[in-house]
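Following: one structure in structure tokens, then a few remarks.
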Amino acid sequence: MKKVIALLLALALFLPVCALADEVVNVFNWVDYIDEDVIKQFEEETGIKVNYMCFTTNEDMMVQVEASPSAFDVCFPSEYIVERMLEKDLLAELNYDNIPNAKYLLDNLRNPSYDADNAHSMPYMWGTVGILYNTTMVDEAVDSWGILWDEKYTNNVFMLDSIRDSMGITLRYLGYSMNTRDILALEAAKDKLIEQKQAGIVKAYQVDETKDKMVMNEAALAVMWSGDAQYAIDLNADLAYAIPKEGSNVWVDCMVIPKDAKNKENAEKFIDFLCRPDIAQKNCEAIWYSSPNSGAIELMGEEYTSNPVMNPSAEDLANCEYFNDIDSSFLAVYNALWAEVRSAR
Ligand code: N2P
């Protein structure tokens, strides 16, 4: 009898594990953009296994998603790529019955122009692009993108290996919109970036490596996303972040489900989990980007609300633009200009 009970007990414990063993969600997020404990906690609470994969830029993500449209259940594009994915009919509609924590989304991020009623996208984090600089190496005000062209800082500037960011800040420096399609403006930005490179000012074009190199005092100035800048400032008190007076980019990274995703309900569970205030808090406190979640912001309190990197001033924000997508007919031209910058010697 005891044996039978033991067997039944073992079965009772084992069966649910078997049943759930097939449950997976394939997540494709930016490098260094989540608290890894959050992934574990989701797996523990739901029994759904997370296959977690990372990309470095929006453009890299798009290449992968277009090559393997059913490989990912949740992706994290910025708003202009949400626009592109919608244009290409790559996104599923979100079923908000499965995402009750969506109610915590801040009002100002609801119903955005890139996706009416957030029908296909739920904001994950938002932020700005600015200059991270080392106050022991820069003893002047950092208030213009122009400092990135000053030969005083030869071999001392990290640029972002990201087409829209680097073209965008240069366009603003030259007095144009980051969204201009004027070929003369774009040529001028390309020439300006090549000039900076050929003068030897650029130490490297890179993305995720920059933050730790800035912590190690390896350069004076770097173009950087706000949260990565805050991560570095936390580890090195000599670092500071500024949004130049010519203006910059403000962005929203979203959670979306590709149309061909194999695990849509699990994807919605994962999105809902990331919108739960305690989880959104934990996540934000690990990566220090700006949170779109009112519940998380309340939980974080002053440590969050008093930080100027996560809370850019109204004046700075008014001076920032969102990217609009480059439509497919013009993308080749844009890519060719950027390729010239990248290959210039
Ligand atoms: C973090 C990625 C930041 C995303 N490494 C910028 N849109």
Side-chain angles (χ1 to χ4, degrees), residues 27-39 52-65 72 74-85 109 112 114-115 121-132 158-169 172 178-179 204-215 222-236 239 241 243 248-256 271 274 280 282-293 296 307 309-312 316-317 320-326:
V27 177
F28 200 26
N29 194 1
W30 301 72
V31 172
D32 298 333
Y33 211 26
I34 200 163
D35 182 336
E36 303 213 340
D37 264 1
V38 162
I39 303 175
Y52 195 76
M53 296 160 275
C54 292
F55 59 85
T56 300
T57 63
N58 278 303
E59 288 69 23
D60 292 350
M61 185 214 69
M62 266 311 277
V63 170
Q64 302 281 342
V65 173
F72 311 105
V74 185
C75 302
F76 291 68
S78 299
E79 71 299 305
Y80 72 98
I81 296 291
V82 173
E83 196 184 320
R84 186 179 309 178
M85 292 176 106
L109 296 173
Y114 56 85
D115 180 25
S121 63
M122 183 67 203
Y124 173 65
M125 297 279 166
W126 66 273
T128 57
V129 177
I131 299 177
L132 178 70
F158 287 128
M159 290 296 284
L160 251 185
D161 191 5
S162 170
I163 178 169
R164 291 302 303 273
D165 294 296
S166 288
M167 286 293 280
I169 63 153
R172 286 301 290 229
M178 290 192 164
N179 290 310
Y205 263 98
Q206 58 193 12
V207 182
D208 300 306
E209 305 87 325
T210 298
K211 54 187 178 309
D212 287 313
K213 293 192 173 174
M214 290 301 286
V215 172
V223 179
M224 178 128 283
W225 296 312
S226 49
D228 284 14
Q230 184 58 46
Y231 159 94
I233 292 169
D234 279 345
L235 296 175
N236 181 342
L239 299 175
Y241 180 74
I243 297 176
S248 187
N249 168 239
V250 58
W251 47 264
V252 186
D253 290 340
C254 298
M255 298 180 274
V256 301
I271 293 173
L274 293 184
K282 193 167 166 174
N283 220 0
C284 187
E285 289 176 349
I287 62 176
W288 290 128
Y289 276 92
S290 305
S291 177
N293 187 295
N307 182 301
V309 179
M310 273 92 78
N311 299 274
D316 275 341
L317 278 181
C320 285
E321 292 176 272
Y322 283 99
F323 292 136
N324 299 328
D325 194 25
I326 301 163

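First listed ligand is number 1; within each ligand, the first listed atom is number 1.
By the side-chain hydrogen bond (donor to acceptor under 3.5 Å, both in side chains) test, Asp253 is found to be paired with Tyr33, Ser78, residues two or more places apart in sequence or in another chain being considered. Not counting sequence neighbours, the partners of Ala286 by the side chain to side chain contact (heavy atoms under 4.5 Å, CB included) test are Asp35. With sequence neighbours excluded, no residue satisfies salt bridge (charged side-chain N to carboxylate O under 4.0 Å, His left out) with Asp115.
Between the side chains of Asp234 and Gln230, at least one donor N or O lies within less than 3.5 Å of an accepting N or O.
Protein residues with a heavy atom under 4.0 Å from ligand 1 are Trp30, Val31, Asp32, Tyr33, Asp208, Trp225, Asp228, Trp251, Asp253, Tyr289.
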Let me see the working for Tyr114 and Asn324 under side chain to side chain donor-acceptor pair (under 3.5 Å), right down to the final yes or no. CA-CA 8 Å; Tyr114 56 85; Asn324 299 328; over 6 Å; no
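Judged purely by atom type and a 3.5 angstrom limit, Trp225 has no side-chain atom pairing as donor or acceptor with the backbone of Gly127.
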